[in-house]
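Residue indices begin at 1 and follow the sequence shown.
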Amino acid sequence: MEQAGQCAAIGPSEPLVSVVIATHNRPAVLHQTLKSLVGQTLQDWEAMVIGDACRPDTATTVAAFGDARISYIDLPVNFGEQSGPNNIGFARARGRFVAILNHDDLWFPDHLTSMSGWIDATGADVVIARGAVIESAASKGSRHMILGTGRHGFYDPVTTVGFGSAQMVRRTSLPRLGPWRPASQCVCESSQDWLFRAWRNGAVIATMPHLTVLMLHSGKREGSYARDTAQEQEELMNAMSSPDALRVRILGNAEEPAPLKRFRYLKRRLLAALGIHPRARSFRRQFRHGVFIAMLRQTRGLPPMPEREPDAEALLARYRHDRRPEAG
């Protein structure tokens with residue numbers, strides 16, 4: 001629900017881009033992510049920050065920007081993962097294009113300019129930017145991973161990986177492509193499940209050969225939600241003042257996913273043609289049903305997923321111990 005003192009995007013004109021940011025109790029990193037949005041060379045946007053039952057400091061962080069283009073909606077009940085908040089943002093978006101920005105990721109200043117131009121240039125329904133998965137200092141020398149590569153400039157269901165912050169979609173295509181599915185219904189990450197279903201539904205998905213996204217996965221950073229430090233994001237934002245120098249630095253310590261052998265590629269391509277996500281078998285071998293999100297939440301320092309059908313006793317416990325101040 002919208003709270004008192006929050007900024008709301010108002011006005012009759014529709015923005016070029018609607019930006020959807022799902023968040024949960026990480027105001028320090030959210031502040032840096034919003035800085036990367038406010039610093040875009042394309043300024044014709046609106047942003048909807050969807051809080052997943054957040055503490056009051058999230059609303060304070062959003063309000064501190066004093067930007068009428070940024071609205072904040074906080075869910076009264078915790079959904080537990082970003083598919084729900086993202087779908088709320090999709091439903092409320094007014095822009096010609098809709099982009100996702102995860103609350104701990106960063107965009108280079110030309111991201112929206114480049115993406116909105118590329119989606120028109122290709123006539124695509126969806127466009128995926130190149131993104132770098134930034135390894136933390138604790139990863140002991142691991143190289144950054146470059147994702148978003150396609151085949152001849154378009155999405156390949158076998159090899160293309162485009163996480164949420166690298167995606168932009170035409171709003172008029174959303175009814176045909178559908179919402180994000182809950183993680184419990186997916187056989188891979190929710191963002192990859194959506195891309196695959198969009199491709200199956202006939203979407204034209206282009207890949208943009210330009211590095212504009214930095215992804216700092218909280219699932220690779222022990223206790224990331226418990227600490228909510230933003231040192232990595234702050235350092236990268238400072239380096240954004242020289243964007244190409246930062247790109248050179250990142251690409252100089254990066255790699256791409258290893259190519260598949262031809263037989264393995266063709267086998268997975270056949271699975272895709274049959275409507276089976278090419279990574280479904282390997283993903284399920286590694287993560288039994290429900291294990292993936294449970295593992296991520298444990299790594300992040302979060303409690304287990306909230307119960308979807310709590311009994312009366314569980315509800316009583318929630319209202320006794322999870323009270324938040326009401327808007328005055």
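Each of N102, T61, V49 was scored for a side chain to side chain contact (heavy atoms under 4.5 Å, CB included) with T23, with one residue passing: V49. The only option from R92, R94, R69 that meets the side-chain hydrogen bond (donor to acceptor under 3.5 Å, both in side chains) definition with E46 turns out to be R94.
Applying the salt bridge (Lys or Arg N to Asp or Glu O under 4.0 Å) test to D244 and every residue at least two apart in sequence or in another chain returns R247. Residues satisfying the ring pair (Phe, Tyr, Trp, His ring centres under 6.0 Å) criterion with H24, sequence neighbours excluded, are absent altogether. For E189, the side chain to side chain donor-acceptor pair (under 3.5 Å) criterion is met by R279, not counting sequence neighbours. Applying the salt bridge (Lys or Arg N to Asp or Glu O under 4.0 Å) rule to R268 yields no partners; only residues at least two apart in sequence or on another chain are considered. In this view, E232 and R221 satisfy the side chain to side chain donor-acceptor pair (under 3.5 Å) rule, not counting sequence neighbours. Annotation: side chain to side chain donor-acceptor pair (under 3.5 Å) contacts of T159 (sequence neighbours excluded): none. In this structure R181 satisfies the side chain to side chain donor-acceptor pair (under 3.5 Å) test together with D193, sequence neighbours excluded. Taking R176 as the reference, D125 meet the salt bridge (Lys or Arg N to Asp or Glu O under 4.0 Å) condition, with sequence neighbours excluded. Remark: D52 engages no residue in a salt bridge (Lys or Arg N to Asp or Glu O under 4.0 Å) (not counting sequence neighbours).
F79 places none of its side-chain heavy atoms less than 4.5 Å from the side chain of I88. Side chains of L195 and V126 form a contact here, defined as non-hydrogen atoms less than 4.5 Å apart. No side-chain heavy atom of C186 sits less than 4.5 Å from a side-chain heavy atom of Q192. Here the side chains of Y72 and T60 are not in contact, with every heavy-atom distance at 4.5 Å or above.
Side-chain atoms of R171 come within 3.5 Å of backbone N or O of G95 as a donor-acceptor pair. Panel note: side chain Q32, backbone D105; no donor-acceptor pair is recorded below 3.5 Å. A side-chain donor-acceptor contact under 3.5 Å links D74 to the backbone of C54. Listed for the D311 side chain is a donor-acceptor partner under 3.5 Å among the backbone atoms of E313. Distance alone, capped at 3.5 Å, is enough to place a donor-acceptor pair between the R197 side chain and the P179 backbone. The main-chain N or O of E135 is found under 3.5 Å from a side-chain atom of H144 such that the two form a donor-acceptor pair. Under a 3.5 Å cut-off, the side chain of W118 and the backbone N or O of T207 do form a donor-acceptor pair.
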Donor-acceptor pairs under 3.5 Å, side chain of residues 233-241 to any protein atom, not counting sequence neighbours: which ones?
from, atom 1, to, atom 2, distance (Å)
Q233, NE2, D104, O, 3.1
E235, OE2, Q231, NE2, 3.2
N238, ND2, E234, O, 3.3
S241, OG, N238, O, 3.1

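Atom CG of L211 sits about 9.5 Å away from atom CG of D110, to the nearest 0.5 Å. Atom-to-atom distance recorded for N25:CG and N78:CG is 8.5 Å, nearest 0.5 angstrom. Between the OG1 atom in T33 and the CD1 atom in I21 there is a gap of 7.0 Å [rounded to 0.5 Å]. Atom CD of residue Q82 and atom CG of residue N87 lie 10.0 Å apart, to the nearest 0.5 angstrom. Atom OG of S18 and atom CZ of F97 lie 11.0 Å apart (nearest 0.5 Å). Here the CG atom belonging to D67 is positioned 9.0 Å from the CG atom belonging to L34, to the nearest 0.5 angstrom.
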Begin from the C-alpha positions of S190 and S83 and carry the test side-chain hydrogen bond (donor to acceptor under 3.5 Å, both in side chains) through to its verdict.
-> CA-CA 7 Å; S190 297; S83 63; 5.1 Å; no
Evaluate the criterion side chain to side chain contact (heavy atoms under 4.5 Å, CB included) for residue pair R262 and L266; output intermediate values, then yes/no.
-> CA-CA 6 Å; R262 180 171 175 78; L266 292 174; 3.9 Å; yes
Give the intermediate values and the outcome of side chain to side chain contact (heavy atoms under 4.5 Å, CB included) for residues V204 and T122.
-> CA-CA 9 Å; V204 176; T122 58; over 6 Å; no
Could you walk me through whether Q167 and S191 pass the side chain to side chain contact (heavy atoms under 4.5 Å, CB included) test, one step at a time?
-> CA-CA 9 Å; Q167 298 176 11; S191 58; 3.9 Å; yes
Start with the C-alpha distance between T160 and W199, add both sets of side-chain angles, then the distance that settles side chain to side chain contact (heavy atoms under 4.5 Å, CB included), and finish with yes or no.
-> CA-CA 11 Å; T160 303; W199 174 76; over 6 Å; no
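No single ILVMFWY cluster, assembled from side-chain heavy atoms under 4.5 Å apart, contains both V161 and V158. Note: the hydrophobic cluster containing V38 also contains L30 (ILVMFWY, side chain heavy atoms under 4.5 Å, direct or indirect links). L106 is not connected to V29 by any chain of hydrophobic side-chain contacts under 4.5 Å among Ile, Leu, Val, Met, Phe, Trp and Tyr, and they are in different clusters. Under the 4.5 Å side-chain heavy-atom criterion for grouping Ile, Leu, Val, Met, Phe, Trp and Tyr, L42 is connected to F65 within one hydrophobic cluster. L16 and I70 fall within the same hydrophobic cluster, where Ile, Leu, Val, Met, Phe, Trp and Tyr residues are linked whenever their side-chain heavy atoms come under 4.5 Å apart, directly or through other members.
Pairing each heavy atom of A53 with each of V77, the nearest pair is CB-C, 3.8 Å. Considering all non-hydrogen atoms of both residues, M115 and A129 come closest at SD-CB, 3.5 Å. In plain terms, the two heavy atoms of G39 and P109 that are nearest each other are O-CB, 3.8 Å. Of all non-hydrogen atoms in L112 and A99, the two that sit nearest each other are CD2-CB, 4.3 Å. Contact record, V169 with S173: CG2-CB, 4.4 Å, taken as the closest heavy-atom pair. Nearest heavy-atom pair, F108 versus Q40, reported as atom, atom and distance to 0.1 Å: O-NE2, 2.9 Å.
Within the structure, ring-ring contact (aromatic ring centres under 6.0 Å, His included) pairs that include any residue of residues 238-281 comprise F196-H277 (at least two apart or interchain). For residues 146-165, every residue pair satisfying the salt bridge (charged side-chain N to carboxylate O under 4.0 Å, His left out) rule, not counting sequence neighbours, is listed here: D156-R269.
By the 6.0 Å contact criterion, CZ on R200 is enclosed, its count of non-hydrogen atoms from other residues, nucleotides or ligands being greater than 12.
Ion pairing between a basic and an acidic side chain is recognised when a charged N comes within 4.0 Å of a carboxylate O; D120 and R170 show such pairing.
Between H217 and F163, the ring planes are perpendicular. Angles over 60° get that label, and only those under 30° would be called parallel.
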